[in-house]
Amino acid sequence: MIIYYREVDSPLGRLSLGQHPEGLCLLTLGEGARETFIFAIEKMYPEAHLKESASALEETIDQLLEYFNGQRSIFEIKLFLKGTEFQRQVWSALKKIPYGKTISYGDLAKRLNKPGAMRAVGAANGQNPIPIIIPCHRVIAADGSLGGYTGGLEIKRKLLDLEQQQFTPTLF
């Protein structure tokens with residue numbers, strides 16, 4: 001199996017994108033995005049061969065550009081997610097958080113009818129293989145603090161500010 005990949009510059013720094021034959025399967029960002037990408041592909045798809053391709057990821061890159069330009073609030077990209085049933089439930093719930101809004105880990109657990117599973121929800125949130133597109137940055141701590149973020153808290157803050165019209169990114 002071939003996983004097509006592409007690295008692109010963004011207002012948040014370098015992004016690494018992976019396209020499985022059935023949909024986008026991985027997006028890494030932040031410090032060490034490339035290394036994180038390679039490690040994740042080797043772990044999730046040990047039989048895969050990586051092949052660089054701009055055309056396989058053109059739609060994703062276009063939609064990300066629109067997002068960073070403030071022209072897109074919902075992504076329309078076919079995704080291929082590998083994870084446990086619980087993780088996929090959490091990731092599905094993340095996609096339902098409205099653009100520009102935030103909720104707490106506890107509120108997300110309640111939406112899943114698992115009010116005592118805040119830590120498990122947080123762990124699944126942290127394992128999200130496609131941040132930005134699956135908007136795990138919209139989940140914050142109950143006290144209003146940012147909590148954690150795979151790409152780093154500075155990137156999380158920029159994503160939230162962008163969605164709340166308080167950050168004007170430098171284009172790709």
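When a residue number appears, it is its place in the shown sequence, counting from 1.
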Asks: Linking I/L/V/M/F/W/Y whenever their side-chain heavy atoms sit closer than 4.5 Å, directly or via other members, would Val8 and Leu12 fall into one cluster?
Replies: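 Linked within one cluster.
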Asks: Do the side chains of Arg157 and Asp161 get close enough for a salt bridge, i.e. N-O under 4.0 angstrom?
Replies: yes
Asks: With side chains defined as the heavy atoms from C-beta onward, is the minimum distance between Leu26 and Ile41 less than 4.5 Å?
Replies: yes
Asks: Less than 4.5 Å apart, any side-chain heavy atom of Tyr4 and any of Ser55?
Replies: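 A side-chain contact under 4.5 Å is absent here.
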Asks: Please check if atom CE in Met118 has more than 12 non-hydrogen atoms from other residues, nucleotides or ligands closer than 6.0 Å.
Replies: no
Asks: So which atom in Glu52 and which in Arg6 form the shortest heavy-atom distance, rounded to 0.1 Å?
Replies: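 In terms of heavy atoms, the two residues are closest at OE2-CD, 4.3 Å.
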Asks: Is the backbone N or O of Ala142 less than 3.5 Å from a side-chain atom of Ser104, with the two atoms forming a donor-acceptor pair by type?
Replies: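 No, the answer is negative, given that no donor and acceptor are paired below the 3.5 Å cut-off.
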Asks: Same cluster or not: are Leu24 and Tyr5 linked, directly or through other Ile, Leu, Val, Met, Phe, Trp or Tyr residues, by side-chain heavy atoms under 4.5 angstrom apart?
Replies: no
Asks: Rounded to the nearest 0.5 Å, how far does CZ of Arg111 lie from CD of Gln89?
Replies: 15.0 Å
Asks: Say you draw a straight line from CG of Leu65 to CD1 of Ile61; how long is it, rounded to the nearest 0.5 Å?
Replies: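 Here the interatomic distance stands at 9.5 Å.
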Asks: Any side-chain heavy-atom pair from Leu160 and His137 closer than 4.5 angstrom?
Replies: yes
Asks: Calculate, to the nearest 0.5 Å, the distance between atoms CD and NZ belonging to Gln164 and Lys101 respectively.
Replies: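 Reported value, rounded in 0.5 Å steps: 8.5 Å.
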Asks: Please lay out, stage by stage, how Lys82 and Gln87 fare under the test side-chain contact (heavy atoms from CB on, under 4.5 Å).
Replies: CA-CA 9 Å; Lys82 247 186 165 178; Gln87 287 173 326; over 6 Å; no
Asks: Have Glu163 and Tyr67 got a donor and an acceptor in their side chains that come within less than 3.5 Å?
Replies: yes
Asks: Is it possible for you to say whether Ile77 and Phe80 belong to one hydrophobic cluster, with membership spreading through side-chain heavy-atom contacts below 4.5 Å?
Replies: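 No; Phe80 is not reachable from Ile77 via cluster members.
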Asks: With a 4.5 Å heavy-atom cut-off, do Ile103 and Arg138 have their side chains touching?
Replies: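 Not touching, per the 4.5 Å side-chain cut-off.
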Asks: Can you tell me how far apart CG (Leu57) and CG (Leu15) are? Round to the nearest 0.5 Å.
Replies: 11.0 Å
Asks: Considering non-hydrogen atoms only, spot the tightest contact between Ala93 and Leu108 and give its length.
Replies: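 Reported closest heavy-atom pair: CB-CD1, 3.6 Å.
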Asks: Ile134 versus Leu81: any side-chain heavy-atom pair under 4.5 Å?
Replies: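 A side-chain contact under 4.5 Å exists here.
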Asks: Surrounding CG of Leu153 (heavy atoms of other residues, nucleotides or ligands, distance under 6.0 Å), is the total greater than 12?
Replies: yes
Asks: If two hydrophobic side chains count as joined below 4.5 Å and joins carry through other members, does Ile74 share a cluster with Trp91?
Replies: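 Each belongs to a different hydrophobic cluster.
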Asks: Measuring from atom CZ of Arg72 to atom CD of Glu66, what distance do you get when rounded to the nearest 0.5 angstrom?
Replies: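 If we round to the nearest 0.5 Å, Arg72:CZ and Glu66:CD are 4.5 Å apart.
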Asks: To the closest 0.5 Å, what do you measure between CD1 (Ile140) and OG (Ser145)?
Replies: 7.5 Å
Asks: Using a 4.5 Å cut-off on heavy atoms from C-beta on, say whether the side chain of Phe68 contacts that of Ile132.
Replies: yes
Asks: Side-chain heavy atoms under 4.5 angstrom apart, residues restricted to Ile, Leu, Val, Met, Phe, Trp, Tyr: same cluster for Leu17 and Tyr45?
Replies: no
Asks: Taking all non-hydrogen atoms of both residues into account, name the closest pair between Leu94 and Cys136 and its distance.
Replies: CD1-CB, 3.9 Å
Asks: Do the charged groups of Glu7 and Arg34 touch, with an N to O distance under 4.0 Å?
Replies: yes
Asks: Is a side-chain donor or acceptor of Glu47 paired with a backbone partner of Met1 at a separation under 3.5 angstrom?
Replies: no
Asks: So, Lys43 side chain and Ile38 main chain: donor-acceptor pair closer than 3.5 Å or not?
Replies: no
Asks: Inspect the surroundings of OH in Tyr99 and state if more than 12 heavy atoms from other residues, nucleotides or ligands are less than 6.0 Å away.
Replies: yes
Asks: Which heavy atom of Pro115 sits nearest to which heavy atom of Asn113, and what is that distance?
Replies: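 Pro115 and Asn113 have their closest heavy atoms at CD-C, 3.5 Å.
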Asks: Among Leu64, Asn128, Thr60, which residue satisfies the side chain to side chain contact (heavy atoms under 4.5 Å, CB included) criterion with Leu27?
Replies: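 In the set Leu64, Asn128, Thr60, the residue that makes a side chain to side chain contact (heavy atoms under 4.5 Å, CB included) with Leu27 is Leu64.
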Asks: Do Leu50 and Phe37 touch side chain to side chain, with heavy atoms closer than 4.5 Å?
Replies: yes
Asks: Can you confirm whether Leu79 sits close enough to Lys95 that some side-chain heavy atom of one is under 4.5 Å from a side-chain heavy atom of the other?
Replies: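 Heavy-atom side-chain distance check passes, below 4.5 Å.
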